[in-house]
Amino acid sequence: MEILYVHPAKQEADARFDKYIPCSPYPFIPVGVVGLVNMLRREGWDVAGLNLPMELTMRPDFSFRRWLADQPPAKMALIDLHWYEHCFGAIDTARMIKSVWPDAVTVIGGLTTSNFAEEILASHPEVDYAIRGDAEEPLRQLARYVFGGDVDAAAIPNLVRRTGSEVRQNPRSYFATGEMLDGLDFVSTDWLAHAQSYGAIQYSGAGWIRLQDPDVRGHWLTIGRGCVFNCIYCGGGKHSHSELAGRNGYVMRSPEAVAEDIRRLRDAGYRQVALSLDPATFGPEWWQTLFRLLRQKAVKIGIYNEFFQLPSREFIAEFSATADMAHTEVAISPLSGDEEVRRQNGKFYANERFLRTLEDFKRFEIPIFVYFSLNLPGETFKTFKRTLELAQAVGQAYPSHLLRMLNPCHTLDPMSPMSRNPEQFGMEVAYRTFADYYNYCRATGWQPRNVLRGQHRGFEMKGRPTKTVEQMAQIWDLFAEQQPFRCFPVPRGW
Ligand code: SF4
């Protein structure tokens with residue numbers, strides 16, 4: 001192997017999942033990584049991939065250090081630091097790689113990296129390079145540079161690097177286009193250790209599980225990048241992408257290329273494809289073409305889709321006529337039963353329209369996962385009463401065997417509107433720097449004995465102490481217990 005890619009856990013690189021009870025290790029690889037690794041392979045590099053949290057949970061005695069020591073050292077190691085939950089795990093992974101392979105060049109990338117690149121390079125010598133924003137062209141050039149090619153490191157776009165004791169940002173001049181994304185391979189995962197097992201990981205509502213039947217595999221597929229919304233708790237919204245990756249709204253792949261990828265997945269035995277963005281927000285021409293092509297190709301596969309807002313009736317009808325319902329699920333996030341709290345947080349629909357949309361889902365027997373969000377700004381005892389009422393109404397209206405529901409707490413996302421403008425949302429913010437997130441992740445990797453739900457989330461809503469969140473969580477837990485459908489208690493971990 002010339003290049004190693006590692007997806008880090010939230011926890012330390014030598015975590016022992018058989019000795020303590022972990023919080024989620026977050027085993028899902030950022031969707032864009034598949035395209036990046038396959039691009040490097042197409043360029044001729046020998047790349048291998050390791051999903052560390054998956055290995056650590058599958059084989060509790062797995063030692064990353066021993067595994068590294070058993071391999072001929074790779075010259076370059078790529079570690080994703082896309083979601084803030086990996087701030088500690090990604091750095092600890094780089095530290096472990098450097099301790100076993102001191103000459104390996106370590107590179108990180110992703111949205112969280114893009115936000116904190118200078119601070120990371122200034123304070124973590126185990127990281128050699130960070131890529132800010134889109135990474136295809138920067139990574140292609142950096143690989144050539146590391147392997148001795150005729151490349152000037154100072155001219156590699158989007159690269160953040162050290163020169164002596166200084167950290168420098170190269171020009172931010174590379175931005176992915178839809179055509180470029182269509183040219184990448186977002187499907188092949190044969191470079192990943194235990195790729196079959198990776199496909200069988202799913203979120204159950206109570207945590208990440210590996211399905212017993214390895215034939216029921218799913219795959220997250222890139223269908224574009226960016227977002228056109230600015231939900232205030234999310235670091236992947238329009239403004240965030242604009243600032244961190246120079247993108248204005250969506251960059252979409254073509255429905256033709258996406259349909260072809262889905263056909264490949266079906267042919268490879270996958271039962272479900274999970275879409276990285278919500279096609280219902282792409283415009284009718286895009287999704288009508290996708291669904292028509294899938295039907296023309298006779299590609300029947302389950303689809304997992306997270307609706308950013310509410311889909312139209314026409315979308316639901318086309319979706320149902322195309323997807324294999326036995327392996328389909330859609331997620332929908334009203335956030336709160338209070339319409340004002342929902343609107344303030346970025347979802348723009350009334351309860352009546354939401355319930356009407358569920359009637360449309362019901363007609364086609366579509367399995368749904370409904371997400372509320374317990375600790376968002378604006379949710380108080382008074383509004384929470386409306387959340388319980390709406391949850392109850394959903395439970396009564398929707399068939400129990402097709403319904404899952406969760407009401408988790410959010411942690412402050414470093415690139416979110418909440419983080420940038422806390423005053424605007426009546427909040428006080430505790431996490432601001434990379435060091436804050438590194439310490440948060442390090443302190444919350446394992447289940448504590450006693451914890452108040454809402455604690456260690458990086459923010460407080462003014463006038464709503466953490467113990468109020470815990471009281472609401474206890475009420476939700478009682479509600480959840482009494483429901484005939486799969487209604488999960490508020491998670492205690494992070
Ligand atoms: S949560 Fe909102 S801002 Fe974030 S990706 Fe989804 S729709 Fe976009």
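Just so it is clear, the model here is predicted, and its values are computed rather than measured. Counting from 1, the numbers follow the sequence of the chain as shown.
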Practice prompt. Can you spot which of W494, Y431, Y437 makes a ring-ring contact (aromatic ring centres under 6.0 Å, His included) with Y84?
Written response: Y437
Response to the item:
By salt bridge (charged side-chain N to carboxylate O under 4.0 Å, His left out), D70 pairs with (sequence neighbours left out) none
Item to complete: Would you mind listing every ring-ring contact (aromatic ring centres under 6.0 Å, His included) that reaches into residues 144-172, with sequence neighbours excluded?
Response: W45-F147
Item to complete: Under the salt bridge (charged side-chain N to carboxylate O under 4.0 Å, His left out) rule, collect the residues that match up with R41, sequence neighbours excluded.
Response: D190
Worksheet item: Under the salt bridge (charged side-chain N to carboxylate O under 4.0 Å, His left out) test, which residues partner E118, sequence neighbours left out?
Response: R132
Worksheet item: In terms of the angle between their ring planes, are F369 and Y371 parallel, tilted or perpendicular, with boundaries placed at 30° and 60°?
Response: parallel
Discussion item. Which residues pass the salt bridge (charged side-chain N to carboxylate O under 4.0 Å, His left out) test with R453, not counting sequence neighbours?
Written reply: E470, D477
Worksheet item: Once the angle between the rings of W83 and Y26 is folded into 0 to 90°, is it parallel (under 30°), tilted (30 to 60°) or perpendicular (over 60°)?
Response: perpendicular
Worksheet entry | side chain to side chain contact (heavy atoms under 4.5 Å, CB included) partners of M461, counting only residues at least two apart | T380, R464
Practice prompt. Can you run down the salt bridge (charged side-chain N to carboxylate O under 4.0 Å, His left out) pairs that involve residues 142-167, sequence neighbours left out, and say none if there aren't any?
Written response: E166-R168
Practice prompt. Report the residues that fulfil ring pair (Phe, Tyr, Trp, His ring centres under 6.0 Å) with Y233, sequence neighbours left out, ordered by chain and then residue number.
Written response: H410
Worksheet item: Partners of N421 by side chain to side chain contact (heavy atoms under 4.5 Å, CB included), sequence neighbours excluded?
Response: Q424, F425
Worksheet item: Thinking salt bridges, do R140 and E136 make one under a 4.0 Å N-O criterion?
Response: no
Discussion item. My understanding is that only residues two or more places apart in sequence, or in another chain, count here; which of them pass side chain to side chain contact (heavy atoms under 4.5 Å, CB included) with P255?
Written reply: W286, T289, L290
Worksheet item: Applying salt bridge (charged side-chain N to carboxylate O under 4.0 Å, His left out), which residue pairs with at least one partner in residues 14-26 are found, sequence neighbours left out?
Response: R16-D18
Response to the item:
Those residues at least two apart in sequence (or on a different chain) that pass side chain to side chain contact (heavy atoms under 4.5 Å, CB included) with T281 are F229, Y250, D278, F308
